[in-house]
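Written out below as structure tokens is the structure these notes cover.
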Amino acid sequence: MKVFLTGGTGFIGQPLTQALLDLGWAVRVLVRHPESPQAARLTALGAQCVQGDILDPESIKAGMEGANLVVHNAGMYELGVDAAGRKRMADINERGTENVLLAAKALGIPRTVYVSTAAYWGETGDEVWDETAVRKVPSGNFYEDTKTRAHDFALAQIRNGQPLIIVCPGQVIGPNDHSVFGYFIRMYLNRIMPPFGWAPEAVNTYTYVDDMANGIALAAQKGRVGETYIIAGEIMTKRTLLNIWTQKPGAAQSWIYLPVWLAKIMFAPMAPLLRWLKLPAFISSETINGDVNRRFSSAKAQQELGWTFRSGEQIWLDTLTKEQALLEKRKGQTLLERLKPLEE
């Protein structure tokens, strides 16, 4: 099997590249910067890196030529983005997805996997939702907006006959993460996280990044064309996960939970301050608004694909342990540098 992969240098993409290679497949990865450390790491694994950009349709087609399978994993995830960030996110998540799927269709690729998100369905309330659910409330952030439109485009392509499979990850967790959780974990381990939280009973469905990569690879290998698969692990409240964090040394061993309205007031100035510090706005109104119930079932993926996942407690303990190990490589860095993902 010859695979063309986008987003291979990212948080999910690197273990996904390994998972596809482990199937014995030849993997060609579209990368913007072939000289980057991330691209070098993929080459060392045995993948072939080809230069291109999902916003450049011609480079996509050139890299995709001869593939039997396309896995479109590239995307931009960030909360609290400014106007320029919103434009870039819309370009990557929407126009980039259209470019890749249309290129696969034009080249007659017999099998394509699009990595969407379980956030497509939004807040679930107290119910556990599967792939048959219908969104009941508006999206809570711009990322959801862009991924929802991209997902709807993929569904339209399926209706038009494109041999496409959609995979919808829950909240993905792991070491060296660039998302909100990654920054909060590094604040905690660097002992600068204030002992405040909000929405302690809000639940999410968490998946370890390596388990997610295996789920996407299984969908590529075994998934039924035209189907959607939720890849999501254990459902857990924020209170539970923060209590797990306290099993590791960090900034707080107990937590004070603020009303959501007060958290919004207290943290309103943080987004522009963080951007001024050259950090993503991981504390913003979108961060707080995003703490709603997201209960998802991966029963279909487990039954049809044979997917398995580690427990919620193990997810967090593994992540914290590996982030602690990365701290040893950060000696000499400033505090701001230690909050960012480590460029290895």
Do [X] and [Y] land in one hydrophobic cluster if side-chain heavy atoms of ILVMFWY residues count as linked below 4.5 Å?
{"X": "Met212", "Y": "Val3", "value": "yes"}
{"X": "Phe4", "Y": "Leu21", "value": "yes"}
{"X": "Leu30", "Y": "Leu101", "value": "no"}
{"X": "Leu45", "Y": "Leu23", "value": "yes"}
{"X": "Phe11", "Y": "Leu320", "value": "yes"}

Applying the side chain to side chain donor-acceptor pair (under 3.5 Å) test to Gln333, which of Lys331, Lys329, Arg330 qualifies? Arg330

If you look at every heavy atom in [X] and [Y], which pair is closest and at what distance?
{"X": "Thr146", "Y": "Met89", "answer": "OG1-CG, 4.0 Å"}
{"X": "Thr207", "Y": "Ala232", "answer": "OG1-CA, 3.3 Å"}
{"X": "Ile244", "Y": "Glu313", "answer": "CD1-CA, 3.7 Å"}
{"X": "Pro34", "Y": "Ala39", "answer": "O-CB, 3.4 Å"}
{"X": "Pro249", "Y": "Tyr188", "answer": "O-CE2, 4.0 Å"}

Within the structure provided, determine whether [X] and [Y] are in side-chain contact (heavy-atom separation under 4.5 Å).
{"X": "Val172", "Y": "Ile12", "answer": "yes"}
{"X": "Ile166", "Y": "Ile158", "answer": "yes"}
{"X": "Thr112", "Y": "Val100", "answer": "no"}
{"X": "Ile54", "Y": "Asn99", "answer": "no"}
{"X": "Gln48", "Y": "Thr43", "answer": "no"}
{"X": "Leu326", "Y": "Lys322", "answer": "no"}

Between [Y] and [X], is the closest basic N to carboxylate O distance under 4.0 Å?
{"X": "Glu234", "Y": "Arg295", "result": "no"}
{"X": "Glu123", "Y": "Lys136", "result": "no"}
{"X": "Lys340", "Y": "Glu337", "result": "no"}
{"X": "Arg86", "Y": "Glu286", "result": "yes"}
{"X": "Asp211", "Y": "Arg310", "result": "yes"}

May I have the step-by-step check of ring-ring contact (aromatic ring centres under 6.0 Å, His included) for Phe282 and Phe184, ending in yes or no? CA-CA 8 Å; Phe282 60 92; Phe184 277 127; 5.6 Å; yes

Side chains of [X] and [Y]: donor-acceptor distance under 3.5 Å anywhere?
{"X": "Glu78", "Y": "Tyr143", "result": "no"}
{"X": "Trp198", "Y": "Asp291", "result": "yes"}
{"X": "His72", "Y": "Thr97", "result": "yes"}
{"X": "Asn204", "Y": "Arg294", "result": "no"}
{"X": "Ser298", "Y": "Gln302", "result": "yes"}
{"X": "Arg41", "Y": "Gln38", "result": "no"}
{"X": "Gln247", "Y": "Trp245", "result": "no"}

Can you list every pair that meets salt bridge (Lys or Arg N to Asp or Glu O under 4.0 Å) and has a residue in [range], with sequence neighbours left out?
{"range": "residues 48-65", "answer": "none"}
{"range": "residues 182-193", "answer": "Arg186-Glu323"}
{"range": "residues 11-33", "answer": "none"}
{"range": "residues 146-156", "answer": "Glu94-Arg149"}

Distance-only donor-acceptor pairs under 3.5 Å for side chains of residues 254-279, two or more places apart:
from, atom 1, to, atom 2, distance (Å)
Trp255, NE1, Leu242, O, 3.3
Lys264, NZ, Asn289, OD1, 2.9
Arg275, NH1, Gly80, O, 2.4

As an exercise, state the distance from OG of Ser116 to CG of Asn93, rounded to the nearest 0.5 Å.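 If we round to the nearest 0.5 Å, Ser116:OG and Asn93:CG are 9.5 Å apart.
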
What distance separates Leu305 CG from Leu218 CG, expressed to the nearest 0.5 Å?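 Here the rounded value is 6.0 Å.
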
How would you list, by chain and number, every residue that makes a side-chain contact (heavy atoms from CB on, under 4.5 Å) with Glu98, sequence neighbours excluded?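 Scan of Glu98 (side-chain contact (heavy atoms from CB on, under 4.5 Å), adjacent residues dropped) gives Phe153.
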
Let me see the working for Val71 and Leu16 under side-chain contact (heavy atoms from CB on, under 4.5 Å), right down to the final yes or no. CA-CA 10 Å; Val71 180; Leu16 174 56; 4.1 Å; yes

Go through Gln18 and Leu42 one step at a time and tell me if the side-chain contact (heavy atoms from CB on, under 4.5 Å) criterion holds. CA-CA 8 Å; Gln18 182 66 69; Leu42 298 184; over 6 Å; no

Could you walk me through whether Glu144 and Phe142 satisfy the side-chain contact (heavy atoms from CB on, under 4.5 Å) test, starting with their C-alpha distance in whole Å, then the side-chain angles of each, then the deciding distance to 0.1 Å, before giving a yes or no? CA-CA 5 Å; Glu144 278 189 33; Phe142 191 72; over 6 Å; no

Could you go step by step and tell me if Ile109 and Met64 meet the side-chain contact (heavy atoms from CB on, under 4.5 Å) rule? CA-CA 9 Å; Ile109 303 298; Met64 192 182 291; 3.9 Å; yes

Whether the side chain of Asn73 engages the backbone of Gly7 through a donor-acceptor N/O pair (distance < 3.5 Å, no angle test) should be reported.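 At least one qualifying donor-acceptor pair exists.
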
Do Trp129 side-chain atoms and Trp121 backbone N/O form a donor-acceptor pair below 3.5 Å? no

Under 6.0 Å between the ring centres of Tyr206 and Phe181?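 Yes, they do, as the ring centres are separated by less than 6.0 Å.
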
